[in-house]
Amino acid sequence: MPELPEVETIARALAPGLVGRVITGIDVPDAKVLAGPKRRAEFAAMAVGRTIQSVARRAKLLLLTLGPRPQVPGDGPAVLAFHLKMTGRFHIAPPGAPDPDRARLLVRLSDDNTLVFADLRRFGTARVLTPEALSAWDFYASLGPEPWDMTPDAFEAALSRKSTRIKAALLDQTVIAGIGNIYADESLFAARIRPDTPAKALTPAQRRRLLKAVQDVIAAAIAAGGSTIRDYRTPDGVEGGFQNHFQVYGKSGDPCPACTAPLTHAKIAGRTSTYCRKCQK
DNA sequence: CATGCGTCCTGCTTGC
DNA sequence: TGCAAGCAGGACGCAT
């Protein structure tokens with residue numbers, strides 16, 4: 001569920017507590033979380049001793065950039081990359097706090113705090129990479145532009161290449177990065193476009209409207225601190241606020257906010273899609 | 001190559 | 001009431 005706005009909110013909230021701290025240890029209660037170097041010892045060796053230089057986000061990935069290890073002569077930087085998938089959560093635990101039962105990975109810090117990665121459904125992943133390996137990671141390398149970096153021309157070109165329905169194209173991270181089911185449905189409603197329209201069949205005006213809608217919806221969601229359906233919380237334990245602004249997501253059967261006809265839903269691209277038959281063409 | 005579907009997980013919700 | 005099936009959903013592996 002954490003999509004771009006939720007991961008962005010998390011990155012901003014974590015940064016003050018992480019930047020400048022040195023990683024003093026890594027504990028991995030659930031080894032399944034590890035992607036890339038699969039062994040706990042290898043993963044820890046790659047990360048321990050490094051200073052956290054920045055906390056950033058790309059698409060739905062949370063990225064901690066790490067400085068060289070002083071104990072390794074000529075060492076280069078590294079990146080700690082987390083994908084939260086559906087239920088990943090972070091918080092910073094103070095010294096002496098017991099490790100939570102559900103923690104999957106713990107990053108011990110030089111200020112004696114611990115960055116805790118918890119993840120109820122265990123789909124999330126963590127990996128440590130050199131910057132070169134990050135660039136060579138297929139998933140990362142093939143990510144499309146962030147919504148605000150997407151130009152109308154590039155969006156037009158990307159959509160005209162797709163033979164899928166527009167809903168599937170929005171969820172395709174190689175087309176545009178960071179959109180998941182919630183923001184796809186909300187953006188399609190804002191642009192008044194049916195989710196099952198073939199991407200190629202959209203008119204130029206519809207494509208421009210849709211890109212603008214995506215950008216506006218994502219910006220509003222970040223401003224509201226993301227959306228909480230069930231699991232998502234900021235690192236401070238606070239729920240997001242954008243779920244109170246949903247127009248269609250999860251509202252099948254409710255009256256359309258624009259025309260009051262009941263909203264309908266259908267499985268499109270394997271996901272439940274909610275939309276208004278009357279308003280969305 | 002591109003597309004689509006099943007899979008991974010767990011807990012809550014729905015329906016018989 | 002109780003319990004099983006259904007659902008949620010991002011990315012990936014595999015089939016087409």
Side-chain angles (χ1 to χ4, degrees), chain A residues 1-8 10 28-36 38 57-63 81-90 100-105 117-127 129 134 136-144 146-147 157-188 195-201 214 218 221 226-233 239-240 242-243 246 248-254 264-275:
Chain A
M1 219 157 300
E3 305 179 27
L4 187 160
E6 289 75 33
V7 183
E8 180 68 26
I10 289 167
V28 189
D30 177 9
K32 185 185 176 294
V33 76
L34 302 183
K38 299 279 190 208
R57 178 200 55 75
R58 169 77 170 114
K60 301 169 193 172
L61 292 169
L62 183 77
L63 303 172
F82 292 94
H83 201 307
L84 323 213
K85 296 291 180 83
M86 260 72 74
T87 56
R89 283 166 74 160
F90 285 94
D101 289 343
R102 297 288 187 161
R104 302 193 66 203
L105 187 141
F117 180 49
D119 176 23
L120 181 67
R121 284 172 67 181
R122 302 175 67 213
F123 281 18
T125 57
R127 55 188 90 205
L129 305 152
L134 180 66
W137 177 19
D138 280 349
F139 171 73
Y140 189 84
S142 65
L143 286 171
E146 296 286 311
L159 292 188
S160 59
R161 264 183 251 121
K162 301 294 289 183
S163 64
T164 60
R165 292 163 290 188
I166 186 60
K167 172 73 181 270
L170 286 179
L171 296 173
D172 183 341
Q173 301 297 299
T174 71
V175 170
I176 186 168
I179 300 174
N181 203 37
I182 294 170
Y183 299 108
D185 276 12
E186 291 297 313
S187 299
L188 286 163
D196 55 358
T197 312
K200 279 184 178 135
V214 167
I218 294 285
S227 304
T228 296
I229 307 302
R230 182 173 299 158
D231 297 286
Y232 166 73
R233 296 291 184 282
E239 297 194 356
F242 195 68
Q243 65 281 1
F246 287 168
V248 294
Y249 177 82
K251 290 180 175 288
S252 184
D254 289 3
T264 53
H265 67 99
K267 271 262 195 275
I268 298 168
R271 306 226 169 37
T272 301
S273 305
T274 307
Y275 63 100

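Numbers restart at 1 for each chain; the letters A, B, ... are given by sequence-line order, proteins then strands. Fair warning: this is a prediction, and the values are worked out from it, not measured in the lab.
Looking at heavy-atom distances under 4.0 Å, A:G180 makes contact with sugar-phosphate atoms alone, never a base.
Taking atom CG of A:L143 as the reference point, atom P of C:dG10 lies 14 Å away to the nearest angstrom. Whole-Å rounding puts the A:F123 CZ to C:dA11 P distance at 12 Å. In this structure, CG of A:L120 is placed 10 Å from C1' of B:dC12, rounded to the nearest angstrom. Protein atom CD1 of A:I176 is 14 Å distant from nucleotide atom P of C:dA11, rounded to whole Å. A:R271 places its CZ atom 11 Å from the C1' atom of B:dC5, with the value rounded to the nearest Å. In this structure, the CG atom of A:D172 is 10 Å from the P atom of C:dA11, given to the nearest Å. A:K162 has its NZ atom 11 Å from the C1' atom of B:dG4, to the nearest Å. Atom P of nucleotide C:dA11 and atom CG of A:L62 are separated by 14 Å, given to the nearest angstrom.
Contact annotation: A:H83 side-chain N/O to C:dA11 OP1/OP2 distance is under 4.0 Å. For A:R102 and B:dG11, the shortest distance from a side-chain N or O to OP1 or OP2 is below 4.0 Å. For C:dA8, the OP1/OP2 oxygens have a side-chain nitrogen or oxygen of A:T272 closer than 4.0 Å. Taking 4.0 angstrom as the limit, A:K267 places a side-chain polar atom (N or O) nearer than this to OP1 or OP2 of C:dA8. In this structure, A:K85 does not reach the C:dA8 phosphate: none of its side-chain N or O atoms is under 4.0 Å from OP1 or OP2. Neither OP1 nor OP2 of C:dG10 sits under 4.0 Å from any side-chain N or O of A:Q173. Proximity of A:S163 to the phosphate of B:dT3: a side-chain N or O atom is located under 4.0 Å from OP1 or OP2.
Taken to the nearest 0.5 Å, the OG1 atom of A:T87 stands 4.0 Å off from the CG atom of A:D119. Rounded to the nearest 0.5 Å, atoms CD (A:Q173) and CG (A:L61) are 9.0 Å apart.
In this pair, A:Y140 and A:W137 present their aromatic rings parallel. The plane angle is below 30°, not in the 30 to 60° band.
Looking at A:E146, its side chain does come within 3.5 Å of a backbone N or O of A:A59 through a donor-acceptor pair.
Here the shortest heavy-atom pairing between A:T272 and A:K267 reads OG1-NZ, 3.4 Å.
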